[in-house]
Amino acid sequence: MSSLFVLIDCNNFYVSCERVFAPVLRRRPVVVLSNNDGCIVARSNEAKALGIAMGMPRFKADPLLKKNNVAVLSSNYALYADMSARVMQTLATFSPAIEIYSIDEAFLEVDSRRQDVSAFGRDIRKTVLQWTGIPVSVGAATTKTMAKVAGHIAKKSPKTDGVLALTCPRHIACALERTDIADVWGIGRKLSAAFKRLGITTAAQLAKTDPQWIQRTFSITVAKTVLELQGCACIELDDTPEPNKSFTVSRSFGRPIEQKDSLVEALSLFTARAAEKLRAQQQCAAVLTAFAMSSRFDKQNAYYNTASRIFDPAEDSSRVFMAAIAAMGERLFRPGVAFKKAGVILNRLTPKHHGRLDLFTDPAQVARDERLMRALDAVNRTGNHVFFAAEGIDKPWQTRFDHRSAAYTTRWDEIPVVF
DNA sequence: TCTGGGGTCCTAGGACCC
DNA sequence: TCTGGGGTCCTAGGACCC
């Protein structure tokens, strides 16, 4: 069967989530901030029109935000994750072949002999809006990269009404012509600059290059992008994702910390969160890495350091990781450094095998740990957080969220009330 | 004063081995 | 000039994505 890829992309996703539960925001420009209220990570169309850039630091955008009475919100990931699940469940009713590509994007794969792909796209768009309140754009084509091109145009061009199927050669050529090379999926900042130096500035020009030459000059990844633009599908639908190869938990601090205890507490909390993710996927980790750093914008006082611990056999117990992270925190700490960010990474992951033991570990201790971790995870799933004392109580370094909306969909006490 | 977080893949180069 | 050649494994760094 030859197939067609359909990309569904939520418009201004975080802003749209907020607007579902706060309709007054629909008539105002809106932005959503990153963790720590640091950067702008989502903008309504009105905010985009004001010239507010993606990733712009909040303090630099402040004059524009104030002048135009822009609604400013901290990010509310519990809300976005829940809304994302609703959108994905809706999309799954349209095709069993679905790849959830990110929090706000999914690919469907359908038979290319299907009648009227555009009508199919319009149906998806209408249904998702009805069932979830989230507006989406839909792009369809014979490769994923071309579906992204189509989706990009569908989002930007009012003529398309949010849906574009690129199936006829004339339309494909036209779409490639009007797509800047920097907007091609897989071509980022460095590559688009390199191509522009070579005089290649549009997707149409990139599609005319020789994939073998591209592979020699750049990489196999870029060569695949070219083939995909030429209509040759190289990137399959990934509807059965592999388990993670690493888990990271890192945060910028609400204010710099200079106390060793605070650094160790923060690292302990990150370790507990990372270990939860690990166990949720039934994996064990052989390497725990921690890092701590000063502000990356203060070049005069730059400090960055990492420490690693190997676990043999691989481990999944928070208790064991926590014991290790305390010593690693000690090593990372330097008196006089203003720490602005830290994190932990679990690496070299393997599936958990029950009952396989090392000669030197005490089976009774392992069994006790197992029971403790199961109980801990069960309790924390309900939202009541039980934690290790090492994670600290005061948390002077805690991430700031000064403009957070309520957890409308995930907490009973924050469900919106309609009068 | 104030600048996010979490992933994956590819490649080059070093270490090591026969 | 040139100092053997070639395979494999691992890691760090860089690129990309959202």
Side-chain angles (χ1 to χ4, degrees), chain A residues 7-14 31-42 52-63 65-66 72-77 80-81 84 99-107 144-145 148 151-152 181-195 214-225 234-235 238 241-256 270 273-274 277-278 281 286-287 289 291 293-299 304 306 308 310 338 340-349 399-403:
Chain A
L7 171 74
I8 298 93
D9 191 344
C10 300
N11 298 343
N12 316 329
F13 182 56
Y14 295 175
V31 298
V32 176
L33 304 173
S34 66
N35 267 339
N36 238 351
D37 295 340
C39 291
I40 287 163
V41 292
I52 298 165
M54 177 68 177
M56 198 184 243
R58 190 260 165 93
F59 72 94
K60 281 190 187 166
D62 255 340
L65 298 173
K66 292 217 168 71
V72 176
L73 298 167
S74 299
S75 44
N76 184 342
Y77 291 109
Y80 312 149
S84 174
E99 171 185 346
I100 297 171
Y101 179 65
S102 74
I103 195 165
D104 69 340
E105 271 179 63
F107 288 98
K144 281 173 143 187
T145 305
K148 291 282 272 186
H152 191 252
I181 192 161
D183 293 330
V184 173
W185 192 41
I187 307 296
R189 227 181 50 245
K190 298 274 180 177
L191 282 170
S192 58
F195 277 118
I214 294 286
Q215 180 167 347
R216 283 197 305 275
T217 316
F218 297 95
S219 71
I220 181 78
T221 323
V222 188
K224 281 185 183 172
T225 298
C234 311
I235 308 172
D238 183 12
E242 298 284 303
N244 281 50
K245 294 178 174 171
S246 68
F247 290 104
T248 302
V249 176
S250 74
R251 289 289 179 278
S252 295
F253 301 134
R255 54 187 167 85
F270 303 158
R273 293 293 90 79
K277 295 188 194 181
L278 185 71
Q281 251 184 33
V287 179
T289 301
F291 67 89
M293 58 194 286
S294 54
S295 166
R296 64 195 171 100
F297 300 98
D298 182 2
K299 312 272 191 220
Y304 178 86
T306 66
S308 289
I310 292 173
K340 194 66 178 98
K341 180 176 178 170
V344 302
I345 305 158
L346 291 170
N347 255 317
R348 284 208 226 151
L349 310 187
T399 309
R400 277 202 314 261
F401 294 99
D402 294 339
H403 311 275

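Throughout, protein chains are lettered first and strands after them, A, B, ... in sequence-line order, and every chain is numbered starting at 1.
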Next item on the list: Could you tell me if the ring centre of A:Phe270 sits under 6.0 Å from that of A:Phe291?
Entry: no
Determine the contact category for [X]: base if any of its heavy atoms lies under 4.0 Å from a base atom, sugar-phosphate if only primed atoms, P, OP1 or OP2 are that close, otherwise nothing.
X	answer
A:Asp62	nothing
A:Lys277	sugar-phosphate
A:Asn35	sugar-phosphate
A:Arg273	nothing
A:Asn244	sugar-phosphate
A:Val287	nothing

Notebook entry, point to check: Tell me, which stems hold DNA chain B, with a stem being 3 or more Watson-Crick or G-U pairs in a row and both distances under 3.5 Å?
Noted result: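 When the pairs of DNA chain B are grouped into runs of at least three, the stems are B:5-18 with C:5-18.
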Between N or O atoms, less than 3.5 Å apart, protein on one side and nucleotides 11-15 of chain B on the other: list the pairs.
{"from": "B:dT11", "atom 1": "OP1", "to": "A:Ile220", "atom 2": "N", "distance (Å)": "3.4"}

Next item on the list: Take atom CD1 of A:Ile310 and atom P of C:dC10, then tell me their distance rounded to the nearest Å.
Entry: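 About 12 Å, once rounded to whole Å.
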Check: Within this structure, what is the CZ-to-C1' distance between A:Phe270 and B:dG6, rounded to whole angstrom?
Finding: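 Rounded to the whole Å, the gap is 14 Å.
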Would you say [N] has OP1 or OP2 under 4.0 Å from some side-chain N or O of [X]?
X	N	answer
A:Arg296	B:dG4	yes
A:Lys341	B:dG6	no
A:Lys144	C:dC17	no
A:Thr399	B:dG4	no
A:Ser75	B:dG4	no
A:Lys148	C:dC17	no

Next item on the list: Name every residue in residues 187-195 of chain A that has at least one heavy atom under 4.0 Å from any atom of DNA chain B, in order of residue number, or write none if there are no such residues.
Entry: none
Notebook entry, point to check: What residues, two or more places apart in sequence or in another chain, satisfy side-chain hydrogen bond (donor to acceptor under 3.5 Å, both in side chains) together with A:Thr289?
Noted result: A:Ser308
Next item on the list: Count the heavy atoms of every other residue, nucleotide or ligand shown that sit under 6.0 Å from NZ of A:Lys340, and state whether that count exceeds 12.
Entry: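 Counting neighbours around NZ of A:Lys340, more than 12 heavy atoms of other residues, nucleotides or ligands fall under 6.0 Å, so yes.
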Next item on the list: By nearest nucleotide on DNA chain B, pick out whichever of A:Ser250 and A:Pro256 is the more 5' one.
Entry: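 In this pair, the answer is A:Pro256.
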Notebook entry, point to check: What integer number of Å spans the C1' atoms of B:dC16 and C:dG4?
Noted result: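 Taking atom C1' in both B:dC16 and C:dG4, they lie 16 Å apart.
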Item checked: Sequence-distant partners of A:Asp9, salt bridge (charged side-chain N to carboxylate O under 4.0 Å, His left out), two or more places apart ->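 With neighbours one apart ignored, the set is A:Lys155.
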Next item on the list: List for me each residue that meets salt bridge (charged side-chain N to carboxylate O under 4.0 Å, His left out) alongside A:Asp402, sequence neighbours excluded, and say none if there are none.
Entry: A:Arg400
Note to self: Whether the side chain of A:Asn36 engages the backbone of A:Ser252 through a donor-acceptor N/O pair (distance < 3.5 Å, no angle test) should be reported.
What the structure shows: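 Yes; judged by distance alone, with no hydrogens or angles, the pair exists.
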Next item on the list: Answer yes or no: is there a donor N or O on one side and an acceptor on the other, between the side chain of A:Thr217 and the main chain of A:Ile214, under 3.5 Å?
Entry: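 Answer holds: no.
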Check: May A:Phe59 be described as stacking on the base of B:dT3, applying a 5.5 Å centroid limit and a 30° limit on plane angle?
Finding: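 Here A:Phe59 fails the 5.5 Å or the 30° condition.
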